[in-house]
Colleague: 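If you scroll down you'll find the structure; I have some questions about it.
Only a predicted model underlies this, so the values are computations on that prediction, with no experimental measurement involved. Every chain is numbered from 1, with letters handed out A, B, ... down the list of sequences.
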Amino acid sequence: MMSLSGPRLETATILEHELIARQTWRLRMAAPAIAAAVEPGQFVHLRLPGRPDHILRRPFSVYDVGPGWLECLYQVVGAGTAALSTTASGGSVDLLGPIGHGWQPPHDTRRALLVGGGLGIAPLYLLAQRLAGPDVSVTTGTLSTTDTPSTSDASSATLTSALAPPPLSPAWFSGVTVEAVLGVQTVAALFGEADFTAVVGAANLTVTTDDGSYGRHGLTTDVVQERLVELGIDYIACCGPEPMQRRVAELAAAAGVACQVSLERRMACGLGACLTCVVETHAGWRRSCVDGPVFAAPEVIW
Amino acid sequence: MTVDLSVQLGDWSWRNPFTVASGTFAAGRPYADLWSQTATTGSADSLALSQAAPLSCLGALTTKGVSRQPWLGNTGLRMTETASGMLNSIGLQNPGVEAFCRDDLPWLARQQVPVIVNVSGHSEADYVAVIERLEQEPAVSAYELNISCPNVDCGGMSFGVDPVAAGRITALSRAATDRPLIVKLTPNVTDITVIARAVEAAGADALSLINTVAGLAIDRRRRQLVFERGVAGLSGPAIKPIALYAVARCHQAVNLPLIGMGGISQVEDVVDFILAGATAVAVGTATFTDPLTVPRLIRDLGQWCQDQGVTSLSELVGVAQLP
Ligand SMILES: Cc1cc2nc3c(=O)[nH]c(=O)nc-3n(C[C@H](O)[C@H](O)[C@H](O)COP(=O)(O)OP(=O)(O)OC[C@H]3O[C@@H](n4cnc5c(N)ncnc54)[C@H](O)[C@@H]3O)c2cc1C
Ligand SMILES: Cc1cc2nc3c(=O)[nH]c(=O)nc-3n(C[C@H](O)[C@H](O)[C@H](O)COP(=O)(O)O)c2cc1C
Ligand code: FES
C-alpha cells in the first residue's frame with residue numbers, strides 16, 4: 001500500500017513571521033504540496049532551521065491554509081521555539097506533513113462547539129472554517145488571497161498541485177452552527193479572535209481569560225458546562241491543556257455529546273515508527289502522531 | 001570508475017553497508033510510503049529510490065525488537081531531547097512474534113530487502129522461542145540478539161553486561177538457527193571486549209555496536225526524574241565517539257564483522273565507523289531528523305568513494321587502528 005496522500009517532505013519558504021500576542025508567533029510558509037493536502041486537525045513536523053544541535057523536529061498544528069501556503073501559530077516555550085522565532089522571512093524551513101488523523105465530526109452534526117485553551121486554539125480554526133462551510137464569505141476570502149507560492153524549491157509535480165485549489169472546497173458540512181470558546185491566561189496572550197469571529201460570528205464566540213483581563217473571567221470549561229445545558233450541541237472538539245481536555249471530555253460524556261480531543265505528546269519520528277508518542281486508550285497504546293493526534297474522547301484513558 | 005559499495009559480513013553479502021537501527025524504523029512501513037513518494041515526485045534528486053520497492057535500497061532492514069509475548073513498553077514520558085541527542089524510554093513495546101509474523105512479515109517479504117529481526121526477551125527461553133518461531137519464516141534472513149537495551153528491567157541489558165550470560169544466550173540461539181546471528185552489545189560496561197570475546201566464542205557471526213548509552217534527565221521544576229524508570233537510553237550524534245571507541249576496541253579484540261551505529265548522520269560519520277573497524281553501519285536517530293538520511297548516505301558514500309578513489313570499502317575497514 002503506497003498511498004500518495006501520506007506525509008511528504010517539503011522545503012518551505014517563510015513568507016510572513018510576526019509576533020501576534022505575548023510570546024506567540026504566526027508563521028506563514030510557502031509549502032504548496034503540504035498545503036494542498038492538509039485536513040483540519042493535522043500537523044506539520046518542522047525541522048528547526050540552523051540548529052543541527054536540536055536533532056528533533058517540532059510538531060505544530062496547521063492553523064490556516066491557502067493556495068500554496070500554510071500557517072502555524074506557535075508559542076515560545078523552550079529552546080527550539082525560541083530559536084525558531086529568530087528565523088527571518090525569506091528563510092526556509094524543512095517540513096514533514098501533513099501528519100495525523102484530524103477532526104472527524106459525526107456526519108449529522110448540526111451544532112458544534114469548539115473549545116481551545118492557549119495554543120490549543122490553533123488546530124480548531126481550519127475545523128471552524130470547514131464546519132461553517134463555503135457559504136461563509138470570509139472562509140472563501142481566506143482561501144483566495146493573492147499570495148503567490150514560492151516556486152524556488154518546488155518540483156514541477158508539486159507546483160501543479162499548488163495551482164489546484166486546496167481541498168477545503170468540498171465542505172463536509174453546511175449549515176452547521178459553530179460556536180467557539182477560546183481560553184487564554186490573560187489578554188496579552190489572546191490571538192485569533194478576529195479570525196474566529198469572521199467565521200463563526202461574534203455571537204457564537206466566547207473568549208475567556210483566567211485573570212479576567214478580557215472577555216469572560218474564568219475557564220473554558222465553565223462555558224462548556226453552560227452550553228451543554230442550554231443548547232442542542234451535538235459535537236465538541238477540544239484542544240488545550242490536558243486537565244481542561246479531560247474535564248471537557250467528562251462534561252461531554254455526561255451530556256451524551258460526541259467529543260474529540262487533540263492530544264499533545266512528545267514526538268521523535270512523527271511517522272509512526274518510534275513509539276515515543278503513545279496514548280493509552282481502551283484499544284491499547286495508540287501512536288498520537290499517526291493514529292491521532294485527534295482521538296474520540298471516550299477512548300482515551302486519562 | 002565504478003564504485004562497488006557491496007560488503008561481506010562473513011558469508012553474507014549486502015548490496016551496500018547500510019541498515020537501519022532497530023526500533024527507529026518499525027518494520028519499515030512508515031518510511032516505505034515516504035521514500036516511495038520521493039521516488040515518484042523526484043523531489044529529492046539523484047536518490048536511487050525505487051517506487052515499487054523503496055526499501056530495496058538498503059543493505060538490510062533491521063526490525064524493532066520482537067519478543068515472545070506482546071510487550072506494553074514503559075508508562076510515563078518516553079522521550080526527551082538532549083544536546084545533539086535524545087533519551088528514550090520506550091521499553092521494547094511490541095505486539096509479539098505471532099503478530100509480527102502475521103502483520104509485518106508478509107509485507108516485508110515483498111520489499112526485496114534482507115530482513116534482520118531484532119530479538120528481545122526476559123529469559124533465555126524467550127530468545128530461543130522467538131528464533132524457533134521465526135525459523136519457520138523464509139522471509140527472515142538473520143537475527144540480531146538485543147542483550148543491550150537499558151529500558152527493560154528483566155532481561156535486555158542484564159544479559160549483555162555479564163560475559164557468562166551473554167555467552168550462554170548466544171550459544172542457545174546459535175543452536176536454534178543456521179542463519180546469520182548478530183549480537184548487539186551495550187557500551188554500558190567496563191570492558192566491552194570481554195563481552196565481545198564471550199559472544200564470539202559462543203558462535204556469533206557478527207556484532208552490532210552499540211545500543212544506547214544509559215543516561216538520566218531531571219525535571220527541575222518538579223524536582224524529580226523525567227523518566228519513570230529513571231534511566232533512559234541516549235542516542236544520536238552525542239554518542240558517536242563512544243560508539244567509535246567500542247568499534248575500534250572490538251575490531252582489535254575479535255575476528256567478527258562489526259555493524260557500527262551511534263550518531264551516524266553524515267557520510268563522514270559512515271567513513272569514520274568503517275575506518276574504526278565496522279564492515280557495515282546502521283542509522284537510527286538521524287532518520288527522525290531527516291527521514292531520507294539513509295538514501296542520502298548511500299548516494300553520498302558512492303560519491304565519497306569516487307572522489308577518494310576508493311574502489312572497494314573493504315580497503316578501509318579498520319585502517320585507523322588503536323595503538
Ligand atoms: C500534534 C501537536 C501539535 C502541536 N501544535 C502546536 C501549535 O500549533 N502551537 C504551539 O505553540 N505548540 C504546538 N505543539 C507543542 C509544540 O510542539 C511544543 O511547544 C514545541 O515542540 C516545544 O519545543 P521547544 O524546543 O521550544 O521546547 P523544549 O521543551 O525545549 O523541547 C524539548 C522537547 O520536548 C518536546 N516538547 C516540548 N513541549 C511539547 C509539547 N507541548 N508537545 C509535544 N512536544 C513537546 C519538543 O518537541 C522537544 O522534542 C503541538 C504539539 C503536538 C504534539
Ligand atoms: C526510539 C528508539 C528505539 C530503539 N529500540 C531498539 C530496539 O527495539 N532494539 C534494539 O536493539 N535497539 C533499539 N534502539 C537502539 C538503536 O537501535 C541504536 O542502537 C541506537 O539508537 C544508536 O544509534 P543512533 O544514534 O543512530 O540512533 C532504539 C533506539 C531508539 C532511539
Ligand atoms: S512520533 Fe514516532 S511513533 Fe509517533
Colleague: Report yes if the side chains of C274(A) and F25(B) come closer than 4.5 Å at any heavy-atom pair, otherwise no.
Modeller: no
Colleague: Chain A heavy atoms under 4.5 Å from T287(B): which part of the residue, side chain, backbone, both or neither?
Modeller: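 Nothing of T287(B), per the 4.5 Å heavy-atom cut-off to chain A.
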Colleague: Provide the closest heavy-atom pair for Q37(B) versus P7(A) in the form atom of the first, atom of the second, distance.
Modeller: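 What the structure gives for the nearest pair is OE1-O, 2.9 Å.
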Colleague: Side chain, backbone, both or neither: which part of N74(B) has a heavy atom under 4.5 Å from chain A?
Modeller: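 Answer is backbone: N, CA, C or O of N74(B) sit under 4.5 Å from chain A.
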Colleague: Below 4.5 Å from any heavy atom of chain B, which atoms of R266(A) appear? Answer side chain, backbone, both or neither.
Modeller: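 Both parts, backbone and side chain.
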Colleague: For H54(A), does the NE2 atom sit with more than 12 other heavy atoms under 6.0 Å from it, leaving out its own atoms?
Modeller: yes
Colleague: So which of G284(B), G236(B), G85(B), P237(B) has the largest heavy-atom pair count under 4.5 angstrom toward chain A?
Modeller: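 The answer is G85(B).
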Colleague: How far does CG of L34(B) sit from SG of C269(A), to the nearest 0.5 angstrom?
Modeller: 11.0 Å
Colleague: What's the verdict on side chain to side chain donor-acceptor pair (under 3.5 Å) for T289(B) and R57(A), showing C-alpha distance, side-chain angles and the deciding distance?
Modeller: CA-CA 6 Å; T289(B) 316; R57(A) 292 169 179 267; over 6 Å; no
Colleague: For each of T285(B), N88(B), L77(B), tally heavy-atom pairs with chain A at distances under 4.5 Å, and name the one with the top tally.
Modeller: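 The residue among T285(B), N88(B), L77(B) with the greatest pair count is L77(B).
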Colleague: May I ask you to check if R8(A) and W35(B) form a cation-pi contact, with NZ or CZ under 6.0 angstrom from the six-membered ring centre and within 45° of the axis?
Modeller: no
Colleague: I'd like to check P291(B) versus L271(A) (side-chain heavy atoms, cut-off strictly below 4.5 Å). Are they in contact?
Modeller: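 Answer yes - side chains close enough.
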Colleague: So, taking the atom named CZ in F288(B) and the one named CZ in R47(A), what distance separates them when rounded to the nearest 0.5 Å?
Modeller: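 One finds 14.0 Å between CZ of F288(B) and CZ of R47(A).
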Colleague: Could you tell me which non-hydrogen atom of Q93(B) sits nearest to which non-hydrogen atom of V278(A), and how far apart they are?
Modeller: OE1-CG1, 3.8 Å
Colleague: Mark yes when over 12 heavy atoms from residues, nucleotides or ligands other than Q185(A) sit less than 6.0 Å from its CD; otherwise mark no.
Modeller: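 Atom CD in Q185(A) is not crowded, with 12 or fewer foreign heavy atoms closer than 6.0 Å.
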Colleague: Quick check: closest heavy atoms across I55(A) and E81(B), and the distance to 0.1 Å?
Modeller: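 Closest approach of I55(A) to E81(B): N-OE2, 3.1 Å.
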Colleague: Quick check: do L56(A) and M79(B) have side-chain heavy atoms less than 4.5 Å from each other?
Modeller: yes
Colleague: Rounded to the nearest 0.5 Å, what separates atom CG in L96(A) from atom CG in D290(B)?
Modeller: 9.5 Å
Colleague: Where does R58(A) contact chain B at under 4.5 Å (heavy atoms): side chain, backbone, both or neither?
Modeller: side chain
